[in-house]
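Data block below; observations after.
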2 protein chains.
Amino acid sequence: MLADDPRTRLIETALDLFGQYSFDGVSTRMLAERAEVNLAAIKYYFGSKEGLYLAVAEQIVQHVGQFLGPRMAKVQESLDGDELTKEESFNLLCELLEFFITRLLALPETGKWLKIIFREQLCPTQAFDILFDGFMRPLDQVLFGLVARIVGRNEDDLEVRLRVFSIMGQIQVFNVSPSSIKRTLNWDQYNPDNLEAIRCVIMDNLNGIFSMSRNGVCSAQTR
Amino acid sequence: MLADDPRTRLIETALDLFGQYSFDGVSTRMLAERAEVNLAAIKYYFGSKEGLYLAVAEQIVQHVGQFLGPRMAKVQESLDGDELTKEESFNLLCELLEFFITRLLALPETGKWLKIIFREQLCPTQAFDILFDGFMRPLDQVLFGLVARIVGRNEDDLEVRLRVFSIMGQIQVFNVSPSSIKRTLNWDQYNPDNLEAIRCVIMDNLNGIFSMSRNGVCSAQTR
DNA sequence: GTCTATAGTCGGATAGAC
DNA sequence: GTCTATCCGACTATAGAC
């Protein structure tokens, strides 16, 4: 479970603990104990508790990069190649969002990141810059590009950007409000059946949202 | 600015501070100083720091109740009266969501609640029960009722509920990811122009999402 | 590089005067 | 009810041995 070198052990433990509790909710003693390193190792490797937290942010960027990198690169390539039709853009967008739903929501590891990310959204620290530049901005750029082609507008058009945010909100809500959703639906956790139901609804919404922009063609499977 | 009695002063100060920082990020000394009460008053009135935090949750429920109560009651009345058409239900839903956008996002005070609420979603404590029973469940019930009528299904239908969550997610994202949205759009804060743009996009999405369910009639103004 | 030991600070809670 | 004074545990950071 725990990595060999103390540095990695500390980062991985910190990812868990800072995610579960917040920065202030975790003590350096707790971190050292769980990571099975000496308390002084935090100062040695990271300078301070804050330094460790920033290292965790960079770790998140790396993880997300491994996770999304290949997919984003593929889409970016299609965008650069130009001459994507509305239909092709729509299908690429659907694939990307399906990936978020079936993977991001499913993996328990991603829950760790996501809590840290959303806390940084609510109360940004220095770590937010790392996260934003590391993967938020690039991801948004790809989504802007796809939606811009679907609706036939420019990538920096306000409507395009708001459309992207609102669409991502439909998925994020399942990460951000898990407690009330799970309580209301009597779900203890997300499983393949749950995720399939969520996927269907989101895909159906997407079809509706862009039905005017495309030519009435509904290619995404909604059930 | 500060209320007369120490009890109220403490609750209002705590609402601010627990919202801005988290529970762990705020000390009792900070609370007492800002509320201009003695440190011992926290124990006297609330028993402990946790007790004060729970009192804050109840305060949030009260505030939200004053805010949403009349509107929810009106809609609930329509639902109970029965024989709402799809079109009427859709219009009631639009009105409710427009209210969330133009009011909830606009008021700086609501930002205080919202941070506490979302932190409780991510890491529920005893306070979550208060919030959930206090207004989340009732609000969801109303939304389930409206959407159920729009799509012609039962209120406890899974698809209906997921549809409601996904729709609310479109709005919540502007509360939950304010940092990246504001940074991307170069917005320093939400103002009437911003909110109008958001409202248009959400209403347009809503029209699309429910375009199959209703009879092709688009009554909501999207611009 | 890794550890122990501890300095120095700040946390929540509370006893007891008024 | 309000306040001062204080307890005592927990915190981060760090000095210095090995």
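To find a chain, count down the sequence lines: A is the first, B the second, and so on, and within it residues start at 1. Since the structure is predicted, the reported quantities are computational estimates derived from the model, not experimental observations. Only this structure's heavy atoms are used, side chains among them; waters, hydrogens and symmetry mates stay out.
Distance, B/L31 CG to C/dC10 P: 17 Å, rounded to whole Å. Whole-Å rounding puts the B/L17 CG to C/dG12 C1' distance at 16 Å. Going from atom NZ of A/K49 over to atom P of D/dT14 covers 14 Å, rounded to whole Å. Rounded to whole Å, atom C1' of D/dA10 lies 13 Å from atom CD of A/E33. Atom CZ in B/F46 sits roughly 18 Å away from atom C1' in C/dT14 (whole-Å rounding). With rounding to whole Å, A/L10 atom CG is found 13 Å from C/dG1 atom C1'. Rounded to a whole Å, the CD1 atom of B/I42 is 12 Å from the P atom of C/dT14. Taking atom CD on B/E36 and atom P on D/dT2, their separation rounds to 14 Å, with Å as the unit.
With a 4.5 Å cut-off on side-chain heavy atoms, B/F128 and B/M136 count as touching.
Counting any heavy atom pair closer than 4.0 Å across all strands shown, A/K43 reaches a base atom. Among the protein residues, B/L39 comes within range of the nucleic acid bases, having at least one heavy atom under 4.0 Å from a base atom.
Residue A/E50 places its side chain closer to D/dA13 than to any other of D/dC11, C/dG12, D/dA13. With distances taken from any side-chain atom of A/R29 to the nucleotides D/dA10, D/dT14, D/dT4, the minimum falls on D/dA10. When each of D/dA13, C/dG12, C/dA15 is scored by its nearest atom to the side-chain atoms of A/S48, the top-ranked nucleotide is D/dA13.
Regarding contacts with the backbone of D/dG1, every side-chain N or O of B/Y45 stays at 4.0 angstrom or more from both OP1 and OP2. OP1 or OP2 of D/dT12 sits under 4.0 Å from a side-chain N or O of A/T28. An OP1 or OP2 oxygen of C/dC10 is reached within less than 4.0 angstrom by no side-chain nitrogen or oxygen of B/S27. Regarding contacts with the backbone of D/dG1, every side-chain N or O of B/N38 stays at 4.0 angstrom or more from both OP1 and OP2. For D/dT14, the OP1/OP2 oxygens have no side-chain nitrogen or oxygen of A/Y44 closer than 4.0 Å.
Between A/E155 and A/R149 a salt bridge is recorded (basic side-chain N to carboxylate O distance below 4.0 Å). Salt bridge B/D129/A/R183: present, at least one basic N to carboxylate O contact under 4.0 Å. Ion pair B/E196/B/R199 flagged as a salt bridge, since at least one NZ, NE, NH1 or NH2 atom sits closer than 4.0 Å to an Asp/Glu carboxylate oxygen.
Geometric assessment of B/K182 against the ring of B/F174 yields a negative cation-pi assignment under the 6.0 Å and 45° thresholds.
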